[in-house]
Amino acid sequence: SAVISQKPSRDICQRGTSLTIQCQVDSQVTMMFWYRQQPGQSLTLIATANQGSEATYESGFVIDKFPISRPNLTFSTLTVSNMSPEDSSIYLCSLEAGNEQFFGPGTRLTVL
Amino acid sequence: AQSVTQPDIHITVSEGASLELRCNYSYGATPYLFWYVQSPGQGLQLLLKYFSGDTLVQGIKGFEAEFKRSQSSFNLRKPSVHWSDAAEYFCAVGTNRDDKIIFGKGTRLHILP
């Protein structure tokens with residue numbers, strides 16, 4: 001199994017500002033994933049983050065809006081830039097280990 | 001690219017009744033299939049998964065799912081639901097090409113006393 005922690009667990013931000021979410025895992029993994037879950041919606045994959053290379057973004061998501069860092073095999077950050085109320089969501093990091101997908105507890109973001 | 005459809009947005013069943021939640025996937029090869037549950041305000045919990053082998057998969061909390069290739073389906077079942085099963089259920093599909101998984105839109109399960 002894998003233990004994933006995220007910081008912050010929640011935040012309330014003003015529009016136009018940026019927030020960086022941290023994801024720490026207890027084991028080394030090559031790929032980490034960032035998902036968004038908008039209120040009442042399912043999870044949508046934002047991007048895949050490989051250590052040592054640029055993140056791969058899904059359709060509808062761009063690096064300028066959601067820059068991702070992956071400095072080592074146990075850590076990643078997702079920044080939500082120039083926030084608007086539409087960015088209010090839960091953001092989750094995830095990894096695959098032993099043919100199972102593990103999810104962090106999520107960061108609940110509210111943008112006013 | 002893979003995709004998954006959950007045709008039922010809401011399902012309501014009486015406590016003690018049987019349950020079946022539908023899931024259809026789209027992928028050219030054999031998919032990896034998952035069911036997750038999310039209780040209100042809680043994180044995601046894996047109920048069960050299918051990669052290969054026996055097409056009837058047993059999971060936690062008394063759930064099972066059956067992979068039917070001919071129907072591109074992976075429906076979730078439980079013979080007798082409990083009030084604590086009220087939650088959002090997500091079907092998800094992955095592949096052996098990469099480790100990312102794609103989620104369906106979810107089915108919210110309501111339980112009548």
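Residue contact with chain A, scored on non-hydrogen atoms closer than 4.5 Å, is absent for Glu88(B).
For Leu112(A), the CG atom sits in a packed shell: over 12 heavy atoms of surrounding residues, nucleotides or ligands are nearer than 6.0 Å. Residue Gln38(A) places its CD atom among more than 12 non-hydrogen atoms of other residues, nucleotides or ligands, all under 6.0 Å distant. The environment of Lys65(A) atom NZ is dense: over 12 non-hydrogen atoms of other residues, nucleotides or ligands sit within 6.0 angstrom.
His110(B) meets the ring pair (Phe, Tyr, Trp, His ring centres under 6.0 Å) test with His10(B); sequence neighbours excluded.
A 4.5 Å side-chain heavy-atom check between Gln45(B) and Phe103(A) finds every atom pair outside the cut-off. Using a 4.5 Å heavy-atom cutoff, the side chains of Leu43(A) and Leu44(B) are in contact. With a 4.5 Å cut-off on side-chain heavy atoms, Gln37(A) and Phe90(B) count as touching.
Panel note: side chain Ser42(A), backbone Gly104(B); a donor-acceptor pair is recorded below 3.5 Å.
Atoms NZ and CD, on Lys49(B) and Gln101(A) in that order, are 10.5 Å from each other to the nearest 0.5 Å.
Linking Ile, Leu, Val, Met, Phe, Trp and Tyr residues whenever their side-chain heavy atoms come within less than 4.5 Å places Leu109(B) and Val4(B) in a single cluster.
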